[in-house]
Amino acid sequence: MRRITAWRRRPWAGYAVVLAALAAIGVIYAGFSPQTGRAEAESTAQAAQDLKNGQQLFNKNCASCHGLNAEGTKDAKGKPIAPSLLGVGAASVDFQVSTGRMPAMSPGAQFPRKTPIPAFNTEIKTDYEEPAKRKAAEQQKAQAEKNLADLRAYISSLGGGPGVPPASATDPSKGDVALGGKLFRTNCAQCHNFTGQGGALTGGKYAPPLSKSDVTPTQMYEAMLTGPQAMPVFNDTTLTPQDKQAIISYLVQTREQPNPGGNGLGRIGPVSEGLVGWLVGLGLLVMAAMWITAKKPKKLKKS
Amino acid sequence: MSEATATAGATAPKAVEGSLNFIDDRLGSTTFFKRNMKKVFPDHWSFMLGEIALYSFIILLLTGTFLTLWFKPSMNEVIYNGSYTHLKGVKMSEAYASTLKISFDVRGGLLMRQIHHWAALLFMASILAHMLRVFFTGAYRKPRELNYLIGINMFILGMLEGLFGYSLPDDLLSGTGLRITQGVLEAIPLVGTYGYMFLFGGEFPGQDIVPRLYMLHILLIPGLLLGLVTAHMMIMWVQKHTAMPVKNQTEQQVYGYPFYPVFMAKTGAYFLFTFGVIALLGAFAQINPIWLFGPYDPGAISAGSQPDWYMGVLEGALRIMPNWEVSAWGHTVSFNVLIPALVPLGIVFGGAMAWPFIEQWVTGDKRHHHVNTRPRNAPIRTATGIAAVTFYGLLWLAGANDVLADKFDLSLYATTWFFRVTFFVGPFLAFVITKRICLGLQRKDAGIIGHGVESGVILMSPEGEFSERHEPAREEQKAVLLSKENTRPEPPQRDANGIPAAKGPLGHLRSRLNRAWTFDDVPVEEHEHGGHAEIEGGKQSHEIKH
């Protein structure tokens, strides 16, 4: 015991105890943790396979414009045809592919939203009556989701970039609607209109409508984060994740809100109001005037 | 004529005579009422257009009074805590907050707001439609020029009234409009800044603008409008309404129905129709949803920001105007704002006001006119009117160019250039095409009077020749067609002794314009003899050569 007491007072004793404790914990953890080595090896193999699938999808659908290594391509005059995808991140891939903008159909002022190609279409109908049909649809949908995830993983593996936001960050019922309205009017309405009906931009470009239910909260978030096409980037210092969620809440809750005054007339303001005023209002009154003047009194009493 | 006198001579039943006696005992007005109750009103649907304006004005006064009970014309900042959750906790002016209160917390408030706004749109639309009717039928001619001028001024006042009215709620859309108003005021050379400071009482937007616009909107302009409406109606009553050229109608005698009971019943019913249509729109079509626009913030703007339709012309002119600005001696003259604000409406309103007098000067027609002209029988007038409509309509569309570009997938810049070109070309084309159409219709009328109406009966002559039988037009149709006044020959350039008339440059201009007005007129008249008369008789048919 004297020897131990003596060692206890040496300057290195404390370090020795910490080391011993770490070693003991390590040994115990190794004993308890289940098959770590093999599992890791398996998931690495799976990830490599997924990446390979992602790369194959990329080569098949994207590489013709974005280049075999996603480095982007230029035409003979050095004008870019398609941008490099190094560092654009998973959020950008998810936005472009899930809205059907990519793979693009044809070059134009702007790539329109369309139904995604079957390999990436995660919005397909699955509620079939027949079990076989339903199963096939569900399988196809699961495959599409996996394809999209693999493609995202492949592009992120090339150079990082912003990732897909978690569902909790885009939940439209959690944000501050009043704040979102304010932020939307200051930052977004000048292109997308007060209520997100969209609007025209220069040179044939346009801000797409956000008022239809196929624009998902995740897509809104990703658009703000990555600034697709004509849209500027609103990174997390310009609009914090809370701000983004507020804007999403404003958009989704506003588009779901009924119009208390009757038909919303497209919610685009005085242009449609004027049209209705002239065509419906004045039209009905002109018809009434014609009807009234067509009524002739049969006989008038003579004085 | 007997029918006309019979209808004009109808009198009121006993019940009405009794109440008239009551009034007469106190006011001594029997003769006035007796004369006016029988006043004859000509009948045509387009004569009701002005009444829409009158009745929507009444609806505007009533609903407007309701809205003043709750509206607070104040720019004081408040934090909203009403029942519209999407704006809870947002800072806004009291004006905006009280408009939200009217929309969501006052019973029937939203309906009243919507009826008020729809009535305003229809008020302006019907004035414009009424004015077009008056113009194209020549109803503005002597002795009615003054009433015509009063009408145009009411439209201009209505534009101001509307602008001030929709600016009151201090929402983002109307604030944008006020910002443009401020810009236009500032663009006036020399006095612009003073004018802007005078109206806004300081820097834009300031605290004063909404209370000031409120006073103008609910007191001054409605007062002026009410006065002008009264004058308009009284002048119309005294001068009698113009009539369409129909059988029995002459310049000397009005043919139609007496005010009491026929016209009164019709116009009373028409008030109910007007009110019904406006109430239907107010109940089923959402207008000016200020809660969606949000409170005004000078730093925010929305895509598709348009004014109400009657200001759309100004908006369009501003949108297609190139960015011209001149800076000299430390002063800037902003033609890019000044020209769109003044020139297009200056041309339209100035031209409309000057037109009756220009026409009188050119045609030398100083007679009284009580029977309207059919538009085809005054081709220059009709063509000028359509050119003005085209001019106005193109600018109107240009005001919505971003909505057009968005909804019809067009390039925004392409629409701007389209309107820049058609602004100059469109009215000219419209003039030429309309004039041709008018002359074509005159020829058709001349053909009907000359050859009769195609009967659809095909005859075969013994020689085997086919021809269509033409029948004379009905009396009613003839009366309409023959209402055309064929142009009178211009006084000879030289008198009997061969001495040319003394004319200055203006006189020569006048002669040239007069010739342009009349040279291609197609006479519409009945031929008393010749081959056509036989066909008109309908007794036998001959081959008809056109």
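Sequence lines set the chain letters: A, B, ... in the order given, protein chains first and strands last, and positions in each chain run from 1.
- Annotation: B/F271, atom CZ; neighbour count of heavy atoms from other residues, nucleotides and ligands within 6.0 Å is above 12.
- Going from atom OH of A/Y206 over to atom CG of B/L410 covers 13.0 Å, rounded to the nearest 0.5 Å.
- Heavy atoms of other residues, nucleotides or ligands lying less than 6.0 angstrom from NZ of A/K114 number more than 12.
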Apply side chain to side chain contact (heavy atoms under 4.5 Å, CB included) to residues B/T85 and A/V177 and explain how you reach the verdict. CA-CA 8 Å; B/T85 51; A/V177 184; over 6 Å; no
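- Both the backbone and the side chain of B/F273 come within less than 4.5 Å of a heavy atom of chain A.
- Heavy atoms of A/T195 lying under 4.5 Å from chain B belong exclusively to its side chain.
- Both the backbone and the side chain of B/I301 come within contact range of chain A, with heavy atoms under 4.5 Å apart.
- Pairing each heavy atom of A/G281 with each of B/V277, the nearest pair is O-CG1, 3.8 Å.
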Passes side chain to side chain contact (heavy atoms under 4.5 Å, CB included), B/W118 versus A/V276? Steps please. CA-CA 10 Å; B/W118 280 119; A/V276 169; 3.8 Å; yes
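- Your options are A/T202, A/I268, A/L265, and the one with the most heavy-atom pairs under 4.5 Å with chain B is A/T202.
- Using a 4.5 Å cut-off between heavy atoms, B/D297 contacts chain A through its side chain alone, with no backbone atom that close.
- Of the possible polar contacts, none joining the B/Y270 side chain to the A/A288 backbone as a donor-acceptor pair under 3.5 Å is found.
- The candidate from B/K407, B/K266, B/H44, B/Q114 with the greatest count of non-hydrogen atom pairs under 4.5 Å with chain A is B/K266.
- Relative orientation of the A/W278 and B/W309 rings is perpendicular, given thresholds of 30° and 60° on the angle between their planes.
- With a 4.5 angstrom heavy-atom cutoff, B/F408 does not touch chain A via any of its atoms.
- Side-chain atoms of B/P289 and A/E273, non-hydrogen and from C-beta on, do get closer than 4.5 Å to each other.
- A pairwise comparison of heavy atoms in B/S411 and A/G204 identifies OG-N, 3.6 Å as the closest pair.
- Contacts of B/L49 with chain A are made by side-chain atoms alone, with heavy-atom separations under 4.5 Å and no backbone atom involved.
- Across B/L122, B/D402, B/L281, B/L280, the residue that shares the most heavy-atom pairs under 4.5 angstrom with chain A is B/L122.
- When heavy atoms are compared at a cutoff of 4.5 Å, B/F47 does not approach chain A at all.
- For B/L110, the part sitting under 4.5 Å from any heavy atom of chain A is the side chain, from C-beta outward, and nothing else.
- For chain B, no part of A/L275 is nearby; none of its heavy atoms comes within less than 4.5 Å.
- Using a distance-only test at 3.5 Å, with no hydrogens or angles considered, a donor-acceptor pair links the side chain of B/Q286 to the main chain of A/G261.
- Taking both residues in full, the closest heavy atoms of A/G199 and B/A303 are given as CA-CB, 4.3 Å, listed atom of the first, atom of the second, then distance.
- Chosen from A/G180, A/G277, A/P260, A/C188, the residue pairing most often with chain B at heavy-atom distances under 4.5 Å is A/P260.
- Heavy-atom pairs under 4.5 Å with chain A were tallied for B/T274, B/L292, B/L121; the largest tally goes to B/L292.
- Proximity of a side-chain donor or acceptor of B/Q306 to a complementary backbone N or O of A/G269 within less than 3.5 Å is not detected.
- Heavy-atom minimum distance, B/K88 versus A/A178: O-CB, 3.2 Å.
- Between chain A and the residues B/G276, B/A285, B/S305, the largest count of heavy-atom pairs under 4.5 Å involves B/A285.
- A distance of 11.5 Å separates CE of A/M287 from CH2 of B/W45, quoted to the nearest 0.5 Å.
- Taking A/Q257, A/R267, A/H192 one by one and counting their heavy-atom pairs under 4.5 Å with chain B, the maximum is reached by A/Q257.
- Of the listed residues (A/L282, A/L179, A/L284), the one with the most heavy-atom contacts under 4.5 Å to chain B is A/L282.
- Of all the heavy atoms in B/A269 and A/I292, the pair that sits closest is CB-CD1, 4.0 Å.
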